[in-house]
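Worksheet: one structure, shown below.
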Amino acid sequence: EVLMTTIRTFASGSSGNAALLSCGETHLLIDMGISCRRVCKALAELGLTPDSLSGILITHEHGDHISGLATYIKKYHTPIYCSHAVSRQLCYRLAGAEPLLRPMALGEAAAFGEVEALILPTSHDCRESAAWRFDTPEGRVGYLTDTGYIVEETGERLLGADLLVLESNHDVDMLRAGPYPYTLKKRILGEFGHLSNAAAAEYAVKSVQAGTRRILLAHLSHENNTPGRALETVGGALAEAGLDVPLAAAPRDVMSEAYALEGAGCRG
């Protein structure tokens, strides 16, 4: 029996992020930047409960990635995986979190049934923020958001992932011309900020050339981007390189469709 691997976003953007990776009976929640109620409702729509989750994987401690955790851990006891520095932050901020935390060194992997989750460094304005790579019997999923640039090691380890969830946060011209104060623009454009559409496009081309079969653009800014512009920039770069793969943008506030690793097959 081939286990179907899927990923769905529950929310994606600066007002909240959460995604669910499923492979057979293994279900991993990536970030919980929406309310506990919304997470439970989304799980219920899929016929799941919090008890169905093997783990919660946190990229970093910014509110749009952890806001639902405080309420969630009062009711449920799902183990929480994150980097050591993020684990310390969660300890300070969330009463009762400590027994649930499973800190990992960047570059380390944890096994959940048939899925191996590898934690990798990103460059964001907090310590030890992370991307994740999931190795499943069907292939590989990369999950990379909230990074000012793509750290070399992470870029290499995610390159060619069968399915790539990739930040495409802002259009540089829209951001520069937009309403944000100068200091915030500088932060977003800086190396501890967020990936632009152009930076996402450049990595998308390399990754598809290395074998990626499907791309989901994530964490689009509401103010400084539009799904159309992100898709046009990344899709245009792929087309120019003679590449064609399914490309979509994750919706901001509603659950996405299931993106599957269809027929990826096992690759070493």
Side-chain angles (χ1 to χ4, degrees), residues 3-9 12 17-32 53-62 65-66 78-90 100-124 126-167 195 200 203-204 206-208 210-216 218-219 259-261 264-268:
L3 302 174
M4 187 154 90
T5 303
T6 60
I7 194 162
R8 286 177 172 86
T9 57
S12 181
N17 297 275
L20 182 73
L21 179 110
S22 298
C23 175
E25 293 300 298
T26 301
H27 303 283
L28 298 171
L29 189 73
I30 308 162
D31 286 337
M32 197 184 291
L53 296 174
S54 308
I56 299 171
L57 280 48
I58 299 295
T59 57
H60 64 298
E61 74 273 12
H62 288 166
H65 295 262
I66 66 160
T78 314
I80 300 168
Y81 296 78
C82 55
S83 69
H84 284 280
V86 170
S87 174
R88 285 192 290 276
Q89 286 294 326
L90 296 181
L100 300 174
L101 291 166
R102 308 285 185 271
M104 296 170 69
L106 294 171
E108 193 183 330
F112 303 92
E114 301 250 12
V115 180
E116 187 176 83
L118 175 71
I119 188 170
L120 294 163
T122 56
S123 176
H124 201 45
C126 58
R127 289 201 50 221
E128 293 195 336
S129 57
W132 292 89
R133 188 184 87 187
F134 302 96
D135 290 276
T136 79
E138 280 187 292
R140 192 167 278 172
V141 178
Y143 191 92
L144 174 61
T145 71
D146 295 77
T147 193
Y149 70 97
I150 298 175
V151 179
E152 189 176 357
E153 176 197 352
T154 302
E156 284 172 8
R157 310 284 295 264
L158 295 181
L159 200 67
D162 297 286
L163 195 165
L164 178 64
V165 179
L166 177 65
E167 174 168 64
L195 284 186
Y203 185 71
K206 284 187 198 155
S207 202
V208 173
T212 291
R213 298 154 179 265
R214 187 165 209 172
I215 296 176
L216 180 62
H219 215 306
Y259 297 96
L261 275 184
C266 289
R267 293 189 325 180

Point to revise | Closest non-hydrogen atom pair, Met104 against Ala117 | key: CE-O, 3.9 Å
Check your understanding: Do side-chain atoms of Glu61 reach the backbone of Gln89 as a donor and acceptor pair under 3.5 angstrom?
Key -> no
Check your understanding: When rounded to the nearest 0.5 angstrom, what is the spacing between CG in Leu57 and SG in Cys82?
Key -> 9.0 Å
**Study point:** Side-chain donor/acceptor of Arg133 to backbone N/O of Val141, under 3.5 Å
**Key:** no
Check your understanding: Can Leu163 and Tyr259 be said to form a side-chain contact (heavy atoms from CB on, under 4.5 Å), step by step?
Key -> CA-CA 8 Å; Leu163 195 165; Tyr259 297 96; 3.9 Å; yes
Practice item. Count the heavy atoms of every other residue, nucleotide or ligand shown that sit under 6.0 Å from CD of Glu108, and state whether that count exceeds 12. Key: yes
Point to revise | Partner set under side chain to side chain contact (heavy atoms under 4.5 Å, CB included) for Ser54, not counting sequence neighbours | key: Thr26, Leu28, Phe112
**Study point:** Full working for side-chain contact (heavy atoms from CB on, under 4.5 Å) between Val165 and Leu144
**Key:** CA-CA 6 Å; Val165 179; Leu144 174 61; over 6 Å; no
Point to revise | Of Thr78, Ile66, Asp31, the residue whose pairing with Ile56 passes side chain to side chain contact (heavy atoms under 4.5 Å, CB included) | key: Thr78
Exercise for review: Rounded to the nearest 0.5 Å, what's the gap from CG on Leu53 to CG on Leu20? Could you check?
Suggested key: 6.5 Å
Review point. Ignoring hydrogens and geometry, is there a side-chain-to-backbone donor-acceptor pair from Thr147 to Ser123 under 3.5 Å?
Key: yes
**Study point:** Under 3.5 Å: donor-acceptor pair, side chain of Ser12, backbone of Asn17
**Key:** no
Practice item. Could you pull out the closest heavy-atom pair between Ala210 and Leu159, with the gap in Å? Key: CB-CG, 3.7 Å
Check your understanding: For the residue pair Ile119 and Ala130, what are the closest heavy atoms and their distance?
Key -> CG1-CB, 3.4 Å
**Study point:** Heavy-atom side-chain contact between Pro121 and Val151 under 4.5 Å
**Key:** yes
Exercise for review: Would you check if the side chain of Thr9 reaches a backbone N or O of Ala19 as a donor-acceptor pair within less than 3.5 Å?
Suggested key: no
Revision key, fill the gap. Sequence neighbours excluded, the answer for side chain to side chain donor-acceptor pair (under 3.5 Å) partners of Ser22 is His27
Study note, to complete from the structure: When rounded to the nearest 0.5 Å, the distance separating OG1 of Thr136 from CG of Leu21 is 7.5 Å
Review point. Between His60 and His65, what is the ring plane arrangement, given parallel below 30°, perpendicular above 60°, and tilted in between?
Key: tilted
Point to revise | Thr212 side chain to Ser207 backbone, donor-acceptor under 3.5 Å | key: yes
Check your understanding: With distance as the sole test, does Tyr81 use its side chain to make a donor-acceptor pair with the main-chain N or O of Pro103 at under 3.5 Å?
Key -> no
Review point. With sequence neighbours excluded, what pairs up with Ser129 under the side chain to side chain donor-acceptor pair (under 3.5 Å) test?
Key: Thr122
Revision key, fill the gap. Output for pair (Ile58 CD1, Ile30 CD1), nearest 0.5 Å, gives 10.0 Å
**Study point:** Main-chain N/O of Glu128 paired to Ser83 side chain as donor or acceptor, under 3.5 Å
**Key:** yes
**Study point:** Nearest heavy-atom neighbours spanning Leu261 and Gly139
**Key:** CD1-C, 3.7 Å
Check your understanding: Thinking salt bridges, do Arg140 and Asp135 make one under a 4.0 Å N-O criterion?
Key -> yes
Check your understanding: Is there a side-chain contact between Leu216 and Leu164 (heavy atoms, below 4.5 Å)?
Key -> no
Review point. Given the rule in the side-chain contact (heavy atoms from CB on, under 4.5 Å) test, do Leu120 and Leu106 qualify, once you have shown the distances and angles that lead to the verdict?
Key: CA-CA 5 Å; Leu120 294 163; Leu106 294 171; over 6 Å; no
Practice item. Could you tell me whether a side-chain N or O of Arg8 sits under 3.5 Å from a main-chain N or O of Thr6, the two making a donor and an acceptor? Key: no
Check your understanding: CZ of Arg88 to CG of Leu90: how many Å apart, nearest 0.5 Å?
Key -> 11.0 Å
Check your understanding: Looking only at side chains, do His62 and Asp146 share a donor and an acceptor under 3.5 Å apart?
Key -> no
Exercise for review: Calculate, to the nearest 0.5 Å, the distance between atoms CZ and CG belonging to Phe134 and Leu118 respectively.
Suggested key: 9.5 Å
